[in-house]
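Structure record follows, encoded as structure tokens.
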Amino acid sequence: MLCAVLRRAYDWFSGLNLAQKALALLFAGLFLFSLSYLLTTTVLSLAAGDRADSPVEEGAAPNTGTSASAGTTVPDNRLSLAGARWEGQKAVLKGTWKGDVSSVHCDLLEGGASGRSTRWWDRSVGTQMDWSDRTFTQEFVAAEGDGGSLEPEASYGVVCSAQFSGGWSVSDSTPVEGTPPG
């Protein structure tokens with residue numbers, strides 16, 4: 001049976017002129033490409049299963065100022081820095097958040113909020129979270145040993161980022177008011 005079908009197809013193809021043969025081969029190639037594309041897409045979508053539940057998989061952008069795709073709800077996650085100031089030998093930062101936060105991480109930068117990292121502060125002193133009031137504080141204290149020193153004439157800034165449930169992230173920055181310890 002298969003042999004008879006192949007023989008008839010061969011007879012039909014050999015009866016075509018050169019232009020018709022070229023068109024027949026082009027059509028057959030396009031058909032095979034389309035068929036393989038559809039089969040691959042079907043297999044991959046079935047293999048992905050429930051992975052499309054995450055916001056990034058659905059095409060949504062994390063809450064970093066970029067827009068999400070239509071139909072995706074963007075949560076109202078917020079991070080707000082109330083201010084930072086030098087208090088004696090340390091810089092103290094206070095802030096608040098709105099949303100289902102997982103963690104807040106802050107960095108002290110020389111040259112303002114878009115400046116460069118400084119080795120002066122002790123990174124083992126983490127952010128203190130008050131979960132009931134949705135506030136946090138961060139104290140930047142001098143590192144033990146060779147942490148370097150601060151430039152009294154330089155400006156300093158703080159940048160904080162918060163991680164929220166669902167993979168969302170927001171950040172905020174503020175200058176550190178006052179004069180650093182010299």
Side-chain angles (χ1 to χ4, degrees), residues 1-81 93 95-119 123-136 138 157-174:
M1 170 95 171
L2 179 62
C3 223
V5 170
L6 289 176
R7 179 72 182 161
R8 290 171 79 196
Y10 176 75
D11 290 341
W12 171 80
F13 186 76
S14 42
L16 299 176
N17 66 33
L18 186 59
Q20 291 172 329
K21 286 180 182 178
L23 286 175
L25 289 174
L26 180 64
F27 177 76
L30 289 173
F31 176 76
L32 290 175
F33 174 76
S34 299
L35 182 64
S36 67
Y37 174 79
L38 290 174
L39 288 174
T40 302
T41 303
T42 302
V43 168
L44 290 176
S45 67
L46 291 174
D50 62 347
R51 288 181 38 198
D53 291 341
S54 77
V56 175
E57 294 287 335
E58 292 175 356
N63 193 5
T64 58
T66 58
S67 62
S69 64
T72 301
T73 304
V74 177
D76 189 18
N77 295 331
R78 294 186 196 160
L79 178 71
S80 178
L81 303 183
L93 167 76
T96 61
W97 75 84
K98 180 180 179 187
D100 190 14
V101 75
S102 174
S103 66
V104 176
H105 174 79
C106 300
D107 287 311
L108 177 68
L109 303 174
E110 183 178 334
S114 60
R116 62 182 176 85
S117 178
T118 177
R119 292 180 44 206
R123 281 145 177 86
S124 68
V125 178
T127 307
Q128 300 299 310
M129 310 286 285
D130 184 341
W131 297 98
S132 60
D133 289 338
R134 296 182 176 263
T135 61
F136 64 92
Q138 172 76 51
V158 175
V159 175
C160 295
S161 64
Q163 302 299 316
F164 291 86
S165 64
W168 299 90
S169 175
V170 294
S171 61
D172 195 11
S173 63
T174 189

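Computed from a prediction, not measured in an experiment: that's the story for all the values here.
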With a cut-off of 3.5 Å and sequence neighbours excluded, list every side-chain donor-acceptor pair involving residues 95-104.
residue : atom : partner : partner atom : Å
K98     : NZ   : D76     : OD2          : 2.8
D100    : OD2  : S165    : OG           : 3.2

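- In terms of the side chain to side chain donor-acceptor pair (under 3.5 Å) criterion, Q128 has no residue partners (sequence neighbours excluded).
- With sequence neighbours left out, K21 forms a salt bridge (charged side-chain N to carboxylate O under 4.0 Å, His left out) with no residue at all.
- Every residue two or more places apart in sequence or in another chain was checked for a ring-ring contact (aromatic ring centres under 6.0 Å, His included) with W12, and none qualifies.
- Annotation: side chain of T118 is in contact with side chain of L108 (closest heavy-atom distance under 4.5 Å).
- The CZ atom of R78 sits 12.0 Å away from atom CG of D172, with the distance rounded to the nearest 0.5 Å.
- Residues passing the side chain to side chain donor-acceptor pair (under 3.5 Å) test with S161: none are found, sequence neighbours excluded.
- Open room surrounds CG on L18; 12 or fewer heavy atoms of other groups in view lie less than 6.0 Å from it.
- The side chain to side chain contact (heavy atoms under 4.5 Å, CB included) search around Y37 returns T41, not counting sequence neighbours.
- In this structure a side-chain-to-backbone donor-acceptor pair under 3.5 Å is missing from Q138 to V158.
- Residues forming a side chain to side chain donor-acceptor pair (under 3.5 Å) with S114 (at least two apart in sequence, or on another chain): none.
- Between F136 and L79 there is a side-chain heavy-atom pair separated by less than 4.5 Å.
- Between atom CG of residue L2 and atom CZ of residue R7 there is a gap of 14.0 Å, rounded to the nearest 0.5 Å.
- Note that the OG atom of S173 and the CG atom of L81 stand 7.0 Å from one another [nearest 0.5 Å].
- Taking Q20 as the reference, L16, N17 meet the side chain to side chain contact (heavy atoms under 4.5 Å, CB included) condition, with sequence neighbours excluded.
- The structure places CG of L35 at 12.5 Å from CG of L30, a figure rounded to the nearest 0.5 Å.
- Shown here are the salt bridge (charged side-chain N to carboxylate O under 4.0 Å, His left out) partners of R116, two or more places apart in sequence or in another chain: E110.
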Inset, instruction - May I have the step-by-step check of side chain to side chain contact (heavy atoms under 4.5 Å, CB included) for L6 and R8, ending in yes or no? - result: CA-CA 5 Å; L6 289 176; R8 290 171 79 196; over 6 Å; no
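- Counting heavy atoms from C-beta outward, L25 and F13 have side chains that approach closer than 4.5 Å.
- Judged as a side chain to side chain donor-acceptor pair (under 3.5 Å), and not counting sequence neighbours, the contacts of D107 are H105.
- A salt bridge (Lys or Arg N to Asp or Glu O under 4.0 Å) check over residues 123-134, counting only residues at least two apart or in different chains, returns nothing.
- Taking every heavy atom of both residues into account, L93 and C106 meet most closely at CD2-SG, 3.6 Å.
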